Number of protein chains: 2
Amino acid sequence: MSVGRPSSAKARRARIPEPTVARLPQYRRLLEAMDDRRIATVSSVELADAAGVNAATLRRDLSCLGTCGTPGTGYDVPRLREMVDRALALGRDWPVVIAGAGYLGHALARSRGFNSGGFRVAALVDIDPAQVGTVVAGAVVVHLDELDDVVRRERVALGVVATPASAAAEVVRRLATAGVGAVLNFAPGFVAAPPGVTVRNVDLAAELQVLTFYAARSVPSPTDGAGAPGRALG
Amino acid sequence: MSVGRPSSAKARRARIPEPTVARLPQYRRLLEAMDDRRIATVSSVELADAAGVNAATLRRDLSCLGTCGTPGTGYDVPRLREMVDRALALGRDWPVVIAGAGYLGHALARSRGFNSGGFRVAALVDIDPAQVGTVVAGAVVVHLDELDDVVRRERVALGVVATPASAAAEVVRRLATAGVGAVLNFAPGFVAAPPGVTVRNVDLAAELQVLTFYAARSVPSPTDGAGAPGRALG
DNA sequence: GCATGTGAACACATTCACAGCA
DNA sequence: TGCTGTGAATGTGTTCACATGC
């Protein structure tokens, strides 16, 4: 704890806790909106309130990025925005392949979040002959057997699984074989990660069930004066 | 620590930690699959391995439900399944209203997870005249102005927001006013919860960005022999 | 013998509170 | 004075390890 540049060098390659990583996209969006409105500076309290987190938590989150806010002033919005982008490895080109051209696949392919900030849907893959050859939001639907070609040609590093549950494990395996390094799986059920591949499971039905849990705890007990505090989760 | 039935009464109304609640749907699905295959008993190690969690964690999770596994044998699958269902307040009827009949709204309305286990899409609401009056997977699309009627008539307790971000806050407000007690918000950005309402924000674009963070940490460093362990997140 | 359920240890994240600096 | 960045305290979840009971 002595040598080198004081702040940046210290935190440059420090491990970032998972909860912090999960909050970064939220900060990013707020900073983007502020930047668009030409807001030059923001304090930790302002940003934290907008994000719905504690100000100390926000400051600690940002300190992981090796940021330099200015005491007495706050954070420089464009600069902070750039640092968050860098931490999330955004800004560079991230071609995505979506496996499964059903309703969810279509919805994701058309969503802004999958077509901005460096993300770009390079292609969708499916096995349904009725889908193969069609174009969704500028991206072609190709047959699953062409997956390797697409991944190699477009240098795809990210895969999204929007197939039925029964196909998910096999599709993840094929994505991994094709060279995709990270997969976002929307199919229900736990899919184990092949070696060297990061798999993130997002289960929309599970989210609904978790919500139910909290709803059931507040709804059937209308006896609490002001009611449950109505905290926002997630 | 003495009176009453030893296990169940003690844990019956204990607070369940949020991470535990988030894992319950996963256990539920596995138990359902085992039950269908007529598997009568399961040990904590087996179930934990299938779910990708530590066995001690699983046992502690289940102990929150006031369960009784049998030492030397394991857990009774049908019985445990029922207890998880009860904890999640499933089994009863949960009518859902989906706000936003775009691609995501359609995908959710058609998904199995939103139409089983007690969940039922009572209606979709939108303001697009081209959508209003159409039927999606057996559910009608009605105008946003009819929200109050639908919620009252169908006793809707759960709302799902699948609108553009710009409309999300207002739609959550209207859902709350209509009497919906819990909302699952898929629109990007933090939506504060009105008093007495639980709001759970699920940001699909953020999931992709989080994935990128981990992908970037493993991809550009192909120097680690066996590579990153490829842990499954989420 | 074998698997549950849980006290105790540990690891981690959040929050407070304040030193230090603009 | 105002706000950042962080040591220290707190709170929470995970994991170990074993007593207990089938």
Side-chain angles (χ1 to χ4, degrees), chain A residues 1-2 5-12 14-24 26-27 39-49 51-77 79-80 83-84 210 231-234, chain B residues 1-2 5-12 14-24 26-27 39-77 79-80 83-84 231-234:
Chain A
M1 50 292 267
S2 47
R5 276 158 300 176
S7 179
S8 22
K10 181 170 46 176
R12 187 59 54 111
R15 177 187 153 273
I16 301 181
E18 206 176 307
T20 296
V21 175
R23 283 187 291 263
L24 290 181
Q26 170 75 349
Y27 302 154
I39 296 172
T41 313
V42 66
S43 75
S44 64
V45 173
E46 289 165 341
L47 193 51
D49 284 354
V53 304
N54 181 288
T57 299
L58 175 93
R59 287 200 299 274
R60 197 171 288 280
D61 284 347
L62 296 185
S63 76
C64 293
L65 314 186
T67 60
C68 319
T70 310
T73 306
Y75 298 90
D76 182 82
V77 171
R79 180 165 151 69
L80 183 56
M83 299 197 78
V84 173
V210 171
R231 257 198 68 231
L233 311 161
Chain B
M1 50 294 266
S2 47
R5 276 157 300 175
S7 180
S8 24
K10 181 170 48 176
R12 186 60 53 109
R15 177 186 153 275
I16 302 182
E18 204 175 311
T20 296
V21 175
R23 283 187 292 265
L24 290 181
Q26 170 76 347
Y27 303 153
I39 297 172
T41 313
V42 66
S43 75
S44 64
V45 174
E46 290 166 340
L47 192 52
D49 283 354
V53 304
N54 181 288
T57 299
L58 175 92
R59 287 201 298 276
R60 197 171 288 279
D61 284 348
L62 296 185
S63 76
C64 293
L65 314 186
T67 61
C68 319
T70 310
T73 305
Y75 298 90
D76 182 80
V77 170
R79 180 165 151 70
L80 183 56
M83 300 197 77
V84 174
R231 258 198 67 231
L233 310 161

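Labels below follow one simple rule: chain letters A, B, ... track the order of the sequence lines, proteins then strands, and each chain is numbered from 1. As the structure is a prediction and not an experimental result, all values here were calculated from the model.
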If you look at every heavy atom in [X] and [Y], which pair is closest and at what distance?
X      : Y      : value
L65(A) : M83(A) : O-CE, 3.6 Å
T41(B) : T73(B) : CG2-O, 3.5 Å
Q26(B) : A50(B) : NE2-O, 4.3 Å
A48(B) : A55(B) : CB-CA, 3.6 Å

Item to check | Strand-adjacent residues in residues 43-50 of chain B, judged by heavy atoms under 4.0 Å from DNA chain D | outcome: none
Item to check | Listed partners of T57(B) passing side chain to side chain donor-acceptor pair (under 3.5 Å), at least two apart | outcome: none
Distance check needed: [N] [atom2] versus [X] [atom1], whole Å only.
X      : N      : atom1 : atom2 : result
L58(A) : dT6(D) : CG    : P     : 14 Å
L62(A) : dT4(D) : CG    : P     : 9 Å
D76(B) : dA3(C) : CG    : C1'   : 15 Å
L80(B) : dA3(C) : CG    : P     : 16 Å

Do [X] and [Y] touch side chain to side chain, with heavy atoms closer than 4.5 Å?
X      : Y      : result
L80(B) : D76(B) : no
Y27(B) : L58(B) : yes
L47(A) : Y75(A) : no

Checklist entry - Given dA22(C), is OP1 or OP2 found less than 4.0 Å from the side-chain N or O atoms of Y75(A)? => result no
Checklist entry - Taking protein heavy atoms under 4.0 Å as touching, what does nucleotides 13-22 of chain D look like 5' to 3' if B marks base contact, S marks sugar-phosphate-only contact and - marks none? => result SBBBB---BB
